[in-house]
There are 2 protein chains.
Amino acid sequence: MIGSVKMVTIKDVAKVANVSISTVSRVLNNSGYTSASTKEKVHKAVDELKFQKNMVATAMIKKQTSTLGLIIPDIKNIFYGELTRAIEDEAHKHGFNVILCNTDNDLSKESEYLNFLLRKGIDGIIFSTPEINDRNVREIMKTRPDLPLIILGSQVKDVRLDEVLVDNFEGGYQATKHLLELGHQKVGYIGGQPDSYSTVERYKGYQEALEDYKVKLNNNYVKLDEFKIHSGYNKGLEMLSRKDRPTAIFAGNDAIAVGIYKAARELGLNVPEQLSVIGFDDSQFAEIVDPELTTIRTPISEMGQKTVELIVKIVKEGKNFKETVTFQPTLIERGSTSRVVDVH
Amino acid sequence: MIGSVKMVTIKDVAKVANVSISTVSRVLNNSGYTSASTKEKVHKAVDELKFQKNMVATAMIKKQTSTLGLIIPDIKNIFYGELTRAIEDEAHKHGFNVILCNTDNDLSKESEYLNFLLRKGIDGIIFSTPEINDRNVREIMKTRPDLPLIILGSQVKDVRLDEVLVDNFEGGYQATKHLLELGHQKVGYIGGQPDSYSTVERYKGYQEALEDYKVKLNNNYVKLDEFKIHSGYNKGLEMLSRKDRPTAIFAGNDAIAVGIYKAARELGLNVPEQLSVIGFDDSQFAEIVDPELTTIRTPISEMGQKTVELIVKIVKEGKNFKETVTFQPTLIERGSTSRVVDVH
DNA sequence: CTGAAAGCGCTAACAA
DNA sequence: TTGTTAGCGCTTTCAG
C-alpha cells in the first residue's frame, strides 16, 4: 500500500485534548473513571480529528478481531447463498465481520483456509457441511480446542462439538411419506454426496418411511451423486429410462429436483401427472420451476442466525460444553406432486 | 475468548533455535542474510513448535492485512453469488481473504461497513454496483484517496476511479436488435432500479436499437423496478395485460426474465410462441427455466477475476492513474425467443 | 481521576 | 551474518 495518508492515532487525540493517551483510551472504551469534563474534551478532539480506532492494534492486545470465518463448499450454490446472507446479517448485528471461504469440499483447500484464518486471529469458525469424516475439523479440535467452532448442517463422526442441524431424517421421512400417501409405490431417491451427513440421514428417513408403509426398497430406485442440477439430470435420466420407472422421486435437494425436471421433460414425462417430484430445502429454485416444487423446507435463515448467536455467545462468554441445536423441517406442498394415476 | 492455549511466538522459536528473534524473523521472511545452518535451526524449531506467524502483529507493522472488503447488495442474488465466488477464488490465489458485506444498496448500511473495513485495515475494497450517485464512494475517495478501491459493474457519476464493467449499452442494443430482427415490432423493456447504472445503459442500448430499426419507442412498453423475480412478475403482468401487449420483452436481467415467465404463464401466454423473452447475465436461472432463456451473457467470472488482479496489483505496487476495463457481452440464443408470428 | 510505563508479536534499522 | 533496540497503535496495570 502507498499509505500516504497519515493515520490519526490516539496520540493525536491526546495532544489535541491535552490529556494522556491512557485517558483517551479510557473514554473511548468507557473503562475506568474519567471526569465528565475530560470526557468532553476527548470527544471533541475525536470529532475534530475524525479519529477512528485502529482495530488491528486492539486485536493484537485483546486477541479479538471481531471477525468470523465461514467455510462453505460454494457460494454459487443457492443454498449457501441464503445461508451466508443470514449469517452475515446476524454477524453484522453483533459487530462481527465474516471472511468467506469456498472449499468445494476439498480437504486440502479447507486446511489452507483454516490455517489462514487462525493466523489472522479470527474469533471463531462456522463450518458449513464438512464431510462425515472431515480430518480438518478433527485436527483443529486437537490443536485449538479453545477456538469457538460450530458445525452447521452436518455432523462429523465421533466428534463432540457445537452443531446446528436440521432434522434430516425427519425431512427424508416426511418427503417419502408424502409421496407414499399420494399412492406412489415406486418411489425413487436421488441424493447428494454419499459421504455427506444429510444425504445419509435423508436416505435413512426414506428407508424408514418405505418400511412403515410396507413398500419394498428397490435399489434401482436409489442413486447418489452430488447436490447439483446436473446430477439430478443424469441420475434422473437413468432412473426414468427404466421400463419400471418410478412414478415419484424424492430429490435430495432442490437443485437435484431441478435436474429431474429437465430429465423428465426430455423424456416427455409431465410433472406431476406422470412423475411426482419432491425436493429438499425450499430454496429459490422451488418457486422458479414450473410447476412449482413441492419440497421440504429447511429453515435456512433461522439456522444461520442461530449459529451466529451461538458462536458470538461463545466468543464473548466462553462455554465448556457442546450442544446440538436441531431445527425441524416442514413439508411445503406445491404443484410437483400429485396422486398417482393408475395406468393399468 | 478464553484463549487458554498459549500461543507460540517467534520468541519461543528463537529460544529453541538458540538465535535472536530478529534472526527468526529474517528466515521467516527470507529477508536479509542468514547462514544456511541457522536457517536450518530455525526451520527445525518452527516445525517442532508448529509455529504459525501471527498476522495481526505483522499487519500492525506493515499496514497490510491481506484482506479485501467486498461490498455487494445481496449474496442471495444469484448474480452476486457467481461474482463473489470468482472474486474469492482469485483473491485466495493471491493470498488474500475477503470480507463479505451485504448492503441491500442501503447507503447507511454501506457506510457502516465501509467504516468497519477501514478500521480493520483492509487493503482494498471492491464495490460492486453502487448507485450512480453513491455518496459513500464519493466520501471515501476524499478521506482515503490512497485506498485501493474498484467499482465493479457500474459507474459513479462525476468520479474518476478504477472500474471493471460490462458494456451495458452494447448488451442492451444486442438484446433489442435480436428481438427486432426476429420481426418483433412491439418490444418491451423491464429494467431494474432506475438509479442503477446498468439499468440506464441497457435502456439506452434498447432505445438506440429501436431507433436504428425505425421502431417508435412506446413508453407503455418500458417499466423499471428492481432486478428481482417479483419485479419481472409484477411489471410483466401489467405490460402483458394490455390489449396491445408487446410480443417480445427485453428483461434487464435473468431474474426479471424469470418473473416474466411466471406472468406469461399466468396469462396463458406461451414462451416463445406468443411471447419472446430475452434476459441479461446468463446466470444459473437461464438454464433452469423452460424453455431455456435466451440471454445476453455477462462474463461474470472473468470480471471478478480481473477485478481482483487489478486491485491486488494496486495494493502491491501502487498506481497513480485510474482505468476502466470494459468487457463485451455476448448473445446466447436459447429457446425463449422466436420469430414473431403474424396474428393478423 | 489521570499519567507513566510496560507490552501485545512482529519488523526493521542500526550496530556489532 | 547476527543481535539489540525501537517501535506499530492500543490497552492496562500501577503509582500518584
Side-chain angles (χ1 to χ4, degrees), chain A residues 1-43 45-46 49-66 116 118-123, chain B residues 1-43 45-46 49-66 116 118-123:
Chain A
M1 198 195 47
I2 316 302
S4 47
V5 172
K6 67 283 152 257
M7 167 178 251
V8 6
T9 73
I10 57 170
K11 231 169 163 171
D12 302 309
V13 177
K15 206 171 301 169
V16 170
N18 211 348
V19 296
S20 73
I21 61 166
S22 38
T23 297
V24 175
S25 178
R26 270 187 219 104
V27 349
L28 253 34
N29 298 301
N30 231 295
S31 66
Y33 299 92
T34 31
S35 72
S37 71
T38 48
K39 257 186 199 129
E40 277 318 299
K41 282 196 294 183
V42 171
H43 284 132
V46 164
L49 299 173
K50 291 194 200 324
F51 169 78
Q52 306 259 101
K53 193 159 65 175
N54 180 332
M55 298 180 81
V56 177
T58 307
M60 171 133 78
I61 301 173
K62 298 252 201 103
K63 270 99 187 68
Q64 291 212 179
T65 51
S66 301
F116 230 80
L118 293 178
R119 274 152 39 68
K120 289 205 173 169
I122 45 94
D123 297 334
Chain B
M1 196 193 53
I2 315 304
S4 47
V5 172
K6 67 280 154 256
M7 167 179 250
V8 7
T9 72
I10 56 170
K11 231 167 161 174
D12 302 310
V13 177
K15 205 172 300 169
V16 170
N18 210 351
V19 295
S20 71
I21 60 166
S22 40
T23 298
V24 175
S25 177
R26 270 186 219 105
V27 349
L28 253 33
N29 298 301
N30 230 296
S31 66
Y33 300 93
T34 31
S35 74
S37 71
T38 48
K39 257 185 199 129
E40 277 317 300
K41 283 197 292 184
V42 171
H43 284 132
V46 164
L49 299 173
K50 291 195 201 322
F51 168 79
Q52 304 260 104
K53 194 160 63 176
N54 180 333
M55 298 180 82
V56 178
T58 307
M60 170 132 79
I61 301 172
K62 298 252 201 103
K63 270 99 187 64
Q64 290 210 180
T65 51
S66 301
F116 229 79
L118 293 178
R119 279 159 28 75
K120 288 204 174 171
I122 45 95
D123 298 333

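In this text the structure is predicted, and so the values were computed from the model without any measurement. Every chain is numbered from 1, with letters handed out A, B, ... down the list of sequences. Only heavy atoms go into these numbers, but all of them, side chains included; no hydrogens, no water, no symmetry mates.
We find that CZ of B:R119 is positioned 20 Å from P of D:dC8, with the value rounded to whole Å. Following rounding to the nearest Å, A:Q64 (CD) and D:dC10 (P) show an atom-to-atom distance of 17 Å. Atom pair B:E40:CD and D:dT1:C1' shows a separation of 16 Å (rounding to whole Å applied). A straight line from NZ of A:K15 to P of D:dC10 spans 13 Å, rounded to a whole angstrom. To the nearest angstrom, P of C:dA12 lies 12 Å from CG of B:L28.
Checking A:S22 against A:S25 by side-chain atom types alone, no donor-acceptor pair falls below 3.5 Å.
Separating the CZ atom in B:F116 from the CE atom in A:M55 is a distance of 4.5 Å, to the nearest 0.5 Å. In this structure, the separation between NZ on A:K63 and CE on B:M7 is 5.5 Å, given to the nearest 0.5 Å. Rounding to the nearest 0.5 Å gives a distance of 9.0 Å between CD1 of A:I10 and NZ of A:K53. Atom CG in B:N30 sits 6.0 Å away from atom NZ in B:K39 (nearest 0.5 Å).
Between B:V46 and B:L28, the closest side-chain pair of non-hydrogen atoms falls below 4.5 Å.
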Test side chain to side chain donor-acceptor pair (under 3.5 Å) on A:K120 and B:N54; report intermediate values, then the result. CA-CA 7 Å; A:K120 289 205 173 169; B:N54 180 333; over 6 Å; no

Give me the distances for all protein-to-nucleotides 2-4 of chain C N/O pairs that come in under 3.5 Å?
from	atom 1	to	atom 2	distance (Å)
C:dT2	OP1	A:S35	OG	3.0
C:dT2	OP1	A:T38	OG1	3.3
C:dT2	OP2	A:S35	N	2.9
C:dT2	OP2	A:T38	OG1	3.0
C:dG3	OP2	A:S20	N	3.0
C:dG3	OP2	A:S20	OG	3.1
C:dG3	OP2	A:T23	OG1	2.6
C:dG3	N7	A:S22	OG	3.3
C:dG3	N7	A:R26	NH2	3.0
C:dG3	O6	A:R26	NH2	2.2
C:dA4	N6	A:S22	OG	3.1

Check the interface with nucleotides 7-9 of chain C: list each N/O to N/O pair with the protein under 3.5 Å, or write none.
from	atom 1	to	atom 2	distance (Å)
C:dC8	O3'	A:K63	NZ	3.3

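B:D12 contributes a side-chain N or O that, together with a main-chain N or O of B:T9, makes up a donor-acceptor pair within less than 3.5 Å. Without hydrogens or angle criteria, B:T65 side chain to B:G121 main chain gives a donor-acceptor distance under 3.5 Å.
Axis angle between the ends of the helix from C:dC1-D:dG16 to C:dA16-D:dT1, five pairs each and rounded to 10 degrees, works out to 50°.
In this structure, A:K11 and A:I21 approach most closely via the heavy-atom pair CA-CG2, 3.8 Å. Across A:V56 and B:M60, no two heavy atoms sit closer than the pair CG1-N, 3.8 Å.
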